[in-house]
Amino acid sequence: MCSLNLLVSSTERHNSEDEGGFDRRRGLASFSSARESSRKVIDEDGPSEGRRVQELLKKFGEQPKENLTTSDVPGKRSATPPNEDDGRPGALKRFSALWPSFRKGRKDKVKDPEPEAEQNLPVVDNVSMQPRRVSGQYFFEYLVVVSLKKNKDGSSYEPQITYQFPKRDVMAKYQKEDEEKTLKAISLFCFPEGINWAPLTEYHSETFSFVLTEIDGSRRNGYCRRLLPKGKGARPPEAYCIISSLACFGLFSKIFDEVEKRRQISMALIYPFMQKLREASFPAPGQTVEIKSFIPESGTEIIHLTRPLDSWLEHVNFCTLFDCLTDEEVLQVFAAAVLERRIIFIAEELGTLSQVLHAVAALLYPFTWQHTFISIVPEILIDVVMAPTPYLLGVQKRLLDQVTDQNDLLVVDLSKNKEKTFLVTIGDEDSILPPKLQAEILDAIGQRKKVSNLEEVKKVEEVNRVVSEAFLHFFVRTVGHYASYVKYSKEGPGEFEKRRFYKAIESKTTRHFVKKFIQTQMFDLFIQEAEQQQPLGQPQGIFHRKIAEYQKKSEKSKKH
């Protein structure tokens with residue numbers, strides 16, 4: 001069953017060897033009060049939309065539950081316990097009950113859904129926390145085609161699933177109900193614009209992604225390709241959507257190229273290709289799988305699908321981020337994100353929104369964005385922009401007037417022909433990071449420009465490596481000494497000596513930044529993980545290897 005979780009979500013742990021689990025939360029009450037004290041309450045004397053949204057998020061937006069380990073990734077904590085909901089109604093049911101008050105006051109903007117639809121409202125996009133991606137898994141669960149069909153009175157369009165592979169006919173009643181909810185979720189995110197469509201004669205196909213969160217806390221990726229179906233005259237676009245537990249945007253984008261090529265010939269050609277793909281095993285990092293597929297007049301083709309060697313970044317494309325923003329602007333966005341502020345990204349293209357939001361979340365590695373993350377906000381849920389808690393949201397530009405009346409947030413325009421990038425700011429984004437470290441990051445990410453002559457796939461991989469290492473080095477420089485200040489006892493978990501930790505930083509500007517950063521939830525949960533580790537069992541992932549390299553280099557330079 002799909003759940004609706006707007007308040008807290010966990011970003012994809014790209015390098016699962018690097019992370020352990022969280023067994024308890026601490027400091028969250030003070031963190032929450034500190035955050036909310038800076039928010040302005042709208043219309044406190046009346047039942048405003050802002051207060052309704054706050055009530056909505058308070059009731060169904062939950063923090064990750066304690067002492068819960070997901071079976072997908074060793075040592076990870078799940079947002080909800082498997083097969084259990086603590087005796088409380090699922091988030092989907094709670095949201096359905098609240099939906100009428102949530103929608104009240106917006107009838108002049110968006111037509112209310114039919115009562116039956118209200119009871120089946122689907123999941124909202126969360127940052128992905130994927131299972132360990134090993135070779136041998138299926139590429140996908142199923143492929144669906146979502147078409148826009150006119151409603152009964154012919155006044156508008158609504159998305160409907162017109163093709164599904166494979167079809168699941170042998171299912172228990174509760175399984176069918178769950179699948180129906182999942183399919184409704186897919187329809188909503190394939191066409192987040194809602195009912196505002198008109199037939200088209202030209203439409204540039206686009207690829208984007210979203211994430212479905214199940215009620216047991218597991219996540220599945222939705223990969224979409226929207227295009228204009230074969231035909232003559234004006235017609236609405238349709239969407240192809242692949243649901244998979246695997247996260248690899250580039251690989252699925254190539255699969256869509258093959259699906260689109262076959263669709264232009266005949267719908268019947270899609271089935272054998274997807275059947276061959278479903279029978280193939282997902283390749284290990286750096287490996288290739290070959291899919292044989294017959295096309296009339298072309299004969300049998302062999303499609304090569306190669307998984308990136310750097311698998312922890314295979315769902316990320318930093319090139320898109322830097323195509324939309326300058327290096328300095330990326331740093332300001334990163335600064336706002338690292339202090340867990342409210343950030344809204346604006347663009348026309350759904351692919352741009354989904355790729356940029358995943359890229360920004362990836363800049364925070366090895367830390368994890370713990371709050372609301374919706375890469376493409378459906379129009380029907382646009383009121384979420386009024387939530388007082390931290391978020392990363394992607395909003396289509398036509399809804400801009402519904403988000404810019406907010407304050408205490410950062411609104412970033414990703415459009416190509418924009419007049420300015422930051423439409424709303426707090427004003428201190430360029431001074432959050434220590435100046436010296438800002439210069440180091442800018443110098444490091446500037447090195448990506450040297451790979452412009454590489455082929456596209458290699459270019460993306462190299463840019464991903466250069467950019468990720470630049471920001472990873474920033475965290476090594478600022479908080480990489482944390483392990484020395486986790487004091488362990490013979491019994492029970494360790495204890496982090498926070499004051500001694502930041503006092504040990506020599507640079508005043510760096511110390512000032514770190515004092516703010518350690519108040520965030522992402523740092524707090526990271527430290528909880530460290531406190532659960534025993535000294536002899538320290539993790540040896542990428543972050544910790546970079547720390548060791550930096551410390552060794554620093555010691556060597558001191559000797560000379």
Side-chain angles (χ1 to χ4, degrees), residues 5-11 28 31-43 48-58 60-63 102 124-127 321 324-325 329-347 353-354 356-361 363-364 367-378 381-397 399-414 420-433 516-517 519-524:
N5 187 348
L6 280 175
L7 182 61
V8 178
S9 58
S10 299
T11 193
L28 295 185
F31 166 79
S32 299
S33 62
R35 291 258 164 237
E36 299 202 10
S37 65
S38 63
R39 310 291 184 201
K40 293 184 178 179
V41 179
I42 306 172
D43 297 337
S48 68
E49 290 182 23
R51 292 190 66 188
R52 279 194 295 274
V53 172
Q54 291 181 34
E55 179 187 12
L56 177 70
L57 294 176
K58 181 179 179 181
F60 72 80
E62 300 173 8
Q63 302 290 343
F102 179 68
V124 174
D125 188 13
N126 285 338
V127 182
L321 176 65
C324 298
L325 304 175
E329 289 168 347
V330 169
L331 246 64
Q332 292 184 54
V333 170
F334 169 73
V338 85
L339 291 189
E340 296 181 336
R341 292 180 173 179
R342 301 193 302 165
I343 308 175
I344 297 175
F345 295 90
I346 303 293
L353 287 173
S354 62
V356 166
L357 264 81
H358 280 285
V360 170
L363 292 178
L364 301 172
F367 302 95
T368 302
W369 181 262
Q370 295 293 327
H371 306 278
T372 305
F373 180 104
I374 312 177
S375 60
I376 302 168
V377 178
L381 297 178
I382 191 62
D383 294 59
V384 73
V385 301
M386 292 186 293
T389 51
Y391 55 56
L392 294 176
L393 304 178
V395 175
Q396 288 182 282
K397 196 164 187 177
L399 302 174
L400 180 61
D401 62 335
Q402 300 188 48
V403 304
T404 51
D405 59 349
Q406 302 290 303
N407 53 25
D408 193 19
L409 81 168
L410 181 66
V411 179
V412 187
D413 192 347
L414 304 174
K420 61 178 182 177
T421 299
F422 299 120
L423 305 180
V424 179
T425 67
I426 292 178
D428 64 345
E429 289 84 1
D430 59 351
S431 60
I432 292 173
L433 306 179
K516 291 182 178 180
F517 178 55
Q519 300 302 317
T520 63
Q521 188 171 338
M522 71 177 86
F523 183 82
D524 190 73

(request) For Leu414 and Ala347, work out which heavy atoms get closest and say how close. (result) CB-CB, 4.0 Å
(request) Without swapping roles, check the side chain of Glu340 against the backbone of Gln521 for a donor-acceptor pair under 3.5 Å. (result) yes
(message) How long is the straight-line distance from OH of Tyr391 back to NE2 of His371, given to the nearest 0.5 Å?
(response) 13.0 Å
(request) Could you tell me which non-hydrogen atom of Val360 sits nearest to which non-hydrogen atom of Ala337, and how far apart they are? (result) CG1-CB, 4.2 Å
(request) Kindly compute the distance separating CD (Gln396) from CG (Leu353), expressed to the nearest 0.5 Å. (result) 7.0 Å
(message) Name the residue from Val395, Leu392, Leu393 that meets the side-chain contact (heavy atoms from CB on, under 4.5 Å) definition with Phe345.
(response) Leu392
(request) Specify the closest pair of heavy atoms between Phe373 and Ala361, including all atoms of both residues, with the distance to one decimal. (result) CE1-CB, 4.0 Å
(request) Measure the spacing between CG of Leu409 and CD1 of Ile344 and express it to the nearest 0.5 Å. (result) 5.0 Å
(request) Only counting residues at least two apart or in another chain, list the ones meeting side chain to side chain contact (heavy atoms under 4.5 Å, CB included) with Thr425. (result) Leu410, Phe422, Glu429
(request) Output all residues satisfying salt bridge (Lys or Arg N to Asp or Glu O under 4.0 Å) with Asp430, sequence neighbours left out; order by chain, then residue number. (result) none
(request) Using the side-chain contact (heavy atoms from CB on, under 4.5 Å) rule, pick out the option among Val333, Leu364, Leu363 that qualifies with Val338. (result) Leu364
(request) Can you measure from CG (Leu339) to CG (Leu433) and round to the nearest 0.5 angstrom? (result) 8.0 Å
(message) The criterion is ring-ring contact (aromatic ring centres under 6.0 Å, His included); which residues satisfy it with Phe517, sequence neighbours excluded?
(response) Phe367, Phe475, Phe513, Phe523
(message) Distance check, rounded to the nearest 0.5 Å: Thr389 atom OG1 versus Arg342 atom CZ?
(response) 8.0 Å
(message) Side chains of Arg341 and Ile432, heavy atoms from C-beta outward: is any pair under 4.5 Å?
(response) yes
(request) For residues Leu325 and Val412, determine if any side-chain heavy atom of one lies less than 4.5 Å from a side-chain heavy atom of the other. (result) yes
(message) A side-chain contact here means heavy atoms from C-beta on lying under 4.5 Å apart; do Asp408 and Ile426 qualify?
(response) yes
(message) Could you check whether any side-chain heavy atom of Val424 comes within less than 4.5 Å of a side-chain heavy atom of Asn407, counting everything from C-beta outward?
(response) no
(message) Using 0.5 Å steps for rounding, measure from the CD1 atom of Ile346 to the CG atom of Leu399.
(response) 8.0 Å
